[in-house]
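Here's the structure, in structure tokens; my notes come after.
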Protein chains: 2
Amino acid sequence: MGTTLKDLAGHLGISAAAVSMALNGKPGVSEQTREEVRRAAEELGYRPNRTGQALRLSRTNTIGVYFPSTVMEYSLYFAEIMRGIVAGFADTELSPLLLPSAGRTGQVRDFPEVDGVVVVEPHSDDLGMFELLRSGRPTVCIDPPPPSAAAPWGVVEADAPSATRDSLRHIVSRGAARPGLLTIETVSEWSRTIEASYREWCSEHRVEPAVIAISARQSNEEILELLERELGADVPCDGLFVAGDAVAPRIAGLLRTIGRSPEDGFPLVSGVDSTMMEFHTPPITAIDLNPYGYGMQAARMMGALLLEPNRPGEPRIERLPAPLVVRGT
Amino acid sequence: MGTTLKDLAGHLGISAAAVSMALNGKPGVSEQTREEVRRAAEELGYRPNRTGQALRLSRTNTIGVYFPSTVMEYSLYFAEIMRGIVAGFADTELSPLLLPSAGRTGQVRDFPEVDGVVVVEPHSDDLGMFELLRSGRPTVCIDPPPPSAAAPWGVVEADAPSATRDSLRHIVSRGAARPGLLTIETVSEWSRTIEASYREWCSEHRVEPAVIAISARQSNEEILELLERELGADVPCDGLFVAGDAVAPRIAGLLRTIGRSPEDGFPLVSGVDSTMMEFHTPPITAIDLNPYGYGMQAARMMGALLLEPNRPGEPRIERLPAPLVVRGT
DNA sequence: CGCCATACCTTAAACGATTAAGTTCACCGG
DNA sequence: CCGGTGAACTTAATCGTTTAAGGTATGGCG
């Protein structure tokens, strides 16, 4: 198919080894030859065969992207992370390879060889993730893994405690005395950190915590019942921090049916921002997690870690800001 | 690293060639040897090195997944397609590799070598897609490419005409006399087919078409103005088919501010279903495009096409049903 | 003038798999 | 008894690249 190193060598009348050294900046060829080789490579459109390189150097130039099976289902957030990962690897030699979820069986050994793995939101109910981290491959996690998992090489995470405090401060500034927390899952560290920060805030402010734990597949009726219970308590919950992707509009819709929507002055903050929040009527205040940036950053970190001679002693941690985007009047 | 063919051969005291033939079911080894080799391979946990195979057989066992840069931005639909693709390749030798978008430059030649490409929703404004299809690689498109593009090897598409008719019939059955069409882009064949089907339906039913073309980044105010214009026409538009991902809830919210929401008896159908429609208050009737199924089917078709000795004369076309999911009373 | 170091290049081996082309040996028919 | 045949292997070449080891001028220096 394409031009090979041998083709190039034949064309120039020198050996393939010389061509290789010339193109890879290795010593052993004269500067003149190097320049000639470069020109010929350009002219003949030579592209090194990745497979040949991979075999010789025993690296594949591919990075696995792993996400739990439960994740990404109808999630705006994960699509954005993907875009970020793709963008982050775009100008490098590396390419992201989507790994199938091994949540149930944890059969990680059958995975294709990759130089490293980006684990997107390690969930504590995902067996495959545990095995992946234990396998010793270079790993970068987007969101920290559960403490019981083997340490990854790197982590990209949000400043969830600050984001939680910002959100609660905002809700209170909009007139609430007892902001509640609505969670949609308890398997991500992000979610657990938010709940911990929330409880901490409550104890600091001498407020009784109101945690409403729902699941994404619950019916509107069930969720409404849970909401009404907290909103009708002795000290009623009068504001809500919704920690979950794409769920705040749903909650807003339910609150509207009982006259407690953001339009009625009930403060609501979404823990995950997206165009859904921006274009909702009325717009919903939200934490901009910048999932695209996460993906990008994880890709970059992986590239950097692979260039280093050996694994860092401590996991490299990159904490990204998660600013509150205030919307509405 | 892992056990190689040579290791296995050494362990068994036979040549690597014999082991290869044994494991690949090629003639040239006795049934007894074959069985012994199989057992030893199992025992030593032999996994053929993909890179070695790739080099020898000049195939990489990876399939590129390409999507336009404009696409996937906060799209539930694309996340689901991805899940489907991953699932479709899960039990095969093939792995999906995410290709960076080459929309602007169309620099497809720098792509890593892949055995084929799944093009997700080819958009007519994406240069990279045109070049990809022209490059002669095996290609399967999810949604047909524009007619001006080189023919792909295969296509997985929705039955958009039927879905449009079903939607319009539903809207009329809910009391509308002049259903309108709201489109969010005109670069996908899906969108163009829907508009054509809509106009056809209108001419059959002697109704003046009302097409409202918006863009996803337009402000709520601008969109509201466009809506009001059609709703306040001489023969007012009294129902809406919203052909776009995740946009129907936004439109429903805007309609509510002028008292014409689905709750007020204004029939609304979303051209793309998702949990957003299911859990909206009130739930929104929608076409179930089954994006997960698309991805799965595209992966399967790619696998099948690669096994065939040569390219099919005509593009293989698989049309999947897109049933209307009626919600609300 | 002779010797050694150096620059620059070639040769060859290696990565791990597949496969065409040889080799060995038993067996069968004439 | 001998040539031919086929089964069951082995040998070796190959895919494209990298790199250690080997070779050959050339120049400098004693």
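In the text below, chain A, chain B and the rest are named by the order of the sequence lines, each starting its count at 1.
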Once you round it to whole Å, what is the distance between [atom2] of [N] and [atom1] of [X]?
X       : N       : atom1 : atom2 : answer
N49(B)  : dT17(D) : CG    : P     : 17 Å
R59(A)  : dC15(C) : CZ    : C1'   : 13 Å
E113(B) : dT17(D) : CD    : P     : 9 Å
L12(A)  : dT10(C) : CG    : C1'   : 15 Å
D7(A)   : dT17(D) : CG    : C1'   : 13 Å
R47(B)  : dG16(C) : CZ    : P     : 16 Å
I14(A)  : dT24(D) : CD1   : P     : 19 Å
K6(A)   : dG16(D) : NZ    : P     : 7 Å

Within the side chain of [X], is there an N or O that forms a donor-acceptor pair under 3.5 Å with the backbone of [Y]?
X       : Y       : answer
D245(A) : Y77(A)  : yes
D159(B) : A322(B) : no
R83(B)  : P291(B) : no
R34(A)  : A22(A)  : yes
S191(A) : E185(A) : yes

Side-chain N,O (K26(A)) to OP1/OP2 (dT19(D)) below 4.0 Å:
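So the side chain of K26(A) is within the cut-off, an N or O lying under 4.0 Å from OP1 or OP2 of dT19(D).
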Are T33(B) and dC9(D) close enough that a side-chain N or O sits under 4.0 Å from OP1 or OP2?
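True: T33(B) side-chain N/O within range (under 4.0 Å) of dC9(D) OP1/OP2.
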Sugar-phosphate only, base, or nothing, as touched by [X] at under 4.0 Å among non-hydrogen atoms:
X      : result
S20(A) : base
P27(A) : nothing
L57(B) : sugar-phosphate
S15(A) : base
S30(A) : sugar-phosphate

If you assign A18(A) and G28(B) each to the DNA chain D nucleotide with the nearest heavy atom, which residue ends up on the more 5' nucleotide?
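The residue closer to the strand's 5' end, by nearest nucleotide, is G28(B).
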Which residues pass the side chain to side chain donor-acceptor pair (under 3.5 Å) test with E157(A), not counting sequence neighbours?
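For E157(A) the side chain to side chain donor-acceptor pair (under 3.5 Å) partners, ignoring immediate neighbours, are R319(A).
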Just checking, any donor-acceptor pair under 3.5 angstrom between side chains of Y294(B) and D143(B)?
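Result is no, nothing qualifies.
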Is it true that S135(B) and R137(B) share a donor-acceptor pair across their side chains at a distance under 3.5 Å?
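A pair is found: one side chain offers a donor N or O, the other an acceptor, under 3.5 Å apart.
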Selected nucleotide, minimal atom distance to [X] side chain, candidates [options]:
X      : options                   : value
L55(A) : dA12(C), dT17(D), dC15(C) : dC15(C)
V29(A) : dC9(C), dA17(C), dT17(D)  : dC9(C)
P48(A) : dT19(C), dT17(D), dA17(C) : dT17(D)

Protein-nucleic acid N or O pairs under 3.5 Å, nucleotides 26-28 of chain C:
none

DNA chain C: 5'-proximal contact among G52(B) and E31(A) (nearest heavy atom):
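The residue closer to the strand's 5' end, by nearest nucleotide, is E31(A).
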